[in-house]
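First comes the structure, then the notes that go with it.
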Amino acid sequence: MIFGLAACSWPDRTIGAQSEIVMDTVCHIDLFESGTAELYRDLFTRLRELEHVLSAYREDSELAKLNRNAGLEAVEISMELYAVLERALYFAEISGGAFDPTVGPLVKLWDINSSHPRVPLDNEIQAILALVNWQDLELTAPRDGYAARAFLKRQGMAVDLGAIAKGFAADQLVKILEEQGVPRAIINLGGDIYVWGERAGGGPWRIAVQDPLAEQGIFAGILYLGGDISVVCSGVYERYFTGADGKSYHHILGLMENGIDSRRGYPVENHLLSVTVIAASAMDADALSTACFVLGYEKGLELAMAFGAEILFIFEDKAIRGSPGALDVFSPSGVY
Ligand code: ADP
Ligand code: MG
């Protein structure tokens, strides 16, 4: 109660970093000297608003409405959902379908984001794969006073934005920081990081890259970065479960027609443990980290560099490879 009263008496008092669980993940925001209760509240409110647009798991989200109408009719969508779907389709296209926002039925089959995931039968996977195809997601841009629209062409199809939504949300928070003239901040939405502005006292920001084989908080190394940049990591350690066969199954699903090591419809197995992407937009970094994980080292490196992003791959044998620009700003912790 004493804290509550104090906050009421001095609404502009600076408070420390805040964390809340939104979008099914820990969202951590540090506004440093600009950290008023009011600004933190506005940012977390924005996150919850976006969850109501983009979540595949909330019955009342806009995305759930689109999925319910699969094979039935096109639905009107907000500019926010339109923006994410449009970008998701772009990454689907440039990754040759390695990244596919219509992966929903497959994610549901594995139930990998729930508390009771399971290994499906191969014939179940093959049947569900017929419902995964980004080219059957039809998007209509807003025009002449008409809202944007989206349509999943076949019944049973479903969009899952788990690989891009957090990045979009981070970018949206950055817009608020910019509008409010906040000089510096760190946003960390479950590993989708954005460093905004200049670090107090100058010098580069230091972003730790998790050691995928060690417990949380043990780092493979540190990235030294200037401001206004995003770092997003996709890894096998983020969400996984152990099947009845004793094998470990993670949450990034292989969708390549001719995957060399990975089987289509199964968690990717290509000797990678994590992929970290550095880009100006967190949405782009998020989509690319997943796309490049699915593509594997050679094709993933090529895609990221063609896009103009920096990328770091950590392999099962502990090797770390990446784009020259990423390796330049990366300092291994010595654990490796
Ligand atoms: P994290 O959730 O750890 O940030 P990602 O950004 O890589 O990791 O997103 C993984 C999520 O994206 C999965 O939980 C699933 O919902 C979805 N997904 C899995 N495989 C694919 C894929 N090939 N293309 C697009 N989305 C995927
Ligand atoms: Mg991603």
Side-chain angles (χ1 to χ4, degrees), residues 22-27 54-57 63 67 84-85 87-114 117 125 128-129 131-134 137 157-171 188-194 209-210 212 216 230-241 249-257 259 262-270 272-279 281-296 299-300 303-304 307 309 311 313:
V22 195
M23 297 182 142
D24 212 17
T25 196
V26 180
C27 298
L54 303 170
S55 170
Y57 301 99
L63 185 63
N67 289 341
V84 183
L85 291 175
R87 204 65 177 151
L89 288 178
Y90 166 76
F91 282 107
E93 184 162 10
I94 67 168
S95 70
F99 174 95
D100 190 328
T102 68
V103 72
L106 197 58
V107 174
K108 192 141 189 238
L109 181 66
W110 282 88
D111 223 0
I112 219 151
N113 293 327
S114 82
I125 292 176
I128 286 293
L129 275 171
L131 292 169
V132 178
N133 186 354
W134 59 276
L137 166 58
M157 287 186 73
V159 168
D160 177 311
L161 297 170
I164 189 170
K166 281 185 284 168
F168 176 76
D171 287 343
N188 183 349
L189 310 183
D192 283 35
I193 294 171
Y194 200 105
V209 177
Q210 170 68 30
Q216 214 186 338
S230 173
V231 179
V232 177
C233 188
S234 276
V236 299
Y237 57 89
E238 301 264 0
R239 284 176 207 255
Y240 62 90
F241 71 100
Y249 294 89
H250 65 83
H251 71 146
I252 302 169
L253 300 166
L255 294 173
M256 300 306 294
E257 286 294 351
S262 321
R263 280 199 291 169
R264 199 165 133 78
Y266 287 80
V268 173
E269 285 183 55
N270 57 10
L272 288 176
L273 291 178
S274 78
V275 173
T276 302
V277 173
I278 307 166
S281 145
M283 170 158 67
D284 293 348
D286 198 356
L288 275 175
S289 69
T290 308
C292 295
F293 194 104
V294 177
L295 285 171
K299 286 187 184 159
L303 179 69
F307 184 86
I311 189 162
F313 298 83

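The structure displayed is predicted, hence computed values, not measured ones. Each residue takes its place number in the sequence, starting with 1. Note that ligands are numbered from 1 as they come in the structure, with each ligand's atoms numbered from 1 the same way.
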Of all the non-hydrogen atoms in the protein, which one sits nearest to atom 11 (C) of ligand 1, and at what distance?
-> G162 C, 3.8 Å
For atom 4 (O) of ligand 1, find the nearest protein heavy atom and state the residue, atom name and distance (0.1 Å precision).
-> K166 NZ, 2.9 Å
Before signing off on this row, confirm whether D160 and ligand 1 have an N or O atom pair separated by under 3.5 Å.
-> yes
Short check: any N/O/S atom of D286 below 2.8 Å from the Mg ion (ligand 2)?
-> yes
How does T25 reach ligand 1, if at all, at less than 4.0 Å between non-hydrogen atoms: by side chain, backbone, both, or neither?
-> neither
OG on S95 to CZ on F293, rounded to 0.5 Å | 14.5 Å
Subset of ligand 1 atoms that lie under 4.0 Å from at least one heavy atom of V294 = 23 (N)
Would you mind reporting whether H251 and W110 have side-chain heavy atoms less than 4.5 Å apart?
-> no
Considering only non-hydrogen protein atoms, determine which one is nearest to atom 18 (N) of ligand 1 and report residue, atom name and distance to 0.1 Å.
-> V103 CG1, 4.0 Å
To the nearest 0.5 Å, atom CG of D286 lies from atom CG of D192 at 4.0 Å
Is the distance between the Mg ion (ligand 2) and the nearest N/O/S atom of T290 smaller than 2.8 Å?
-> yes
Would you please name every residue forming a salt bridge (charged side-chain N to carboxylate O under 4.0 Å, His left out) with D100, sequence neighbours left out?
-> none
Is there side-chain contact between Q210 and Q216, with at least one heavy-atom pair below 4.5 Å?
-> yes
Would you mind running through ligand 1 and noting each atom that sits below 4.0 Å from a heavy atom of S234?
-> 5 (P), 6 (O), 7 (O), 8 (O)
Out of curiosity, L255 CG to T290 OG1, how far, rounded to the nearest 0.5 Å?
-> 11.0 Å
Output the distance between atom CG (L137) and atom OG1 (T102), rounded to the nearest 0.5 Å.
-> 7.5 Å
Contact check, side chains of I125 and I128, non-hydrogen atoms, under 4.5 Å = no
Separation between CG of N270 and CG of L295, rounded to the nearest 0.5 Å | 9.0 Å
Which protein non-hydrogen atom lies closest to atom 24 (N) of ligand 1, naming both residue and atom, and how far is it?
-> D100 N, 3.0 Å
Contact check, G235 vs ligand 1, heavy-atom distance below 4.0 Å | no
Carboxylate-amine/guanidinium contact D160 K108, below 4.0 Å | no
Looking at atom 8 (O) of ligand 1, what's its closest protein heavy atom, distance included?
-> H251 CE1, 3.3 Å
Close-contact set for ligand 1 against D286 heavy atoms, below 4.0 Å | 6 (O)
Proximal ligand 1 atoms for N113, defined as those under 4.0 Å from one of its heavy atoms | 14 (O), 16 (O)
For A98, the ligand 1 atoms whose distance to one of its heavy atoms is below 4.0 Å = 22 (C), 23 (N), 24 (N)
Tell me: protein heavy atom nearest atom 5 (P) of ligand 1, and distance?
-> T290 OG1, 3.3 Å
Are the aromatic ring centres of Y90 and F99 under 6.0 angstrom apart?
-> no
closest protein heavy atom to atom 20 (N) of ligand 1 is L253 N, 3.0 Å
In terms of residue, atom name and distance, what is the protein heavy atom nearest to atom 15 (C) of ligand 1?
-> V107 CG2, 3.8 Å
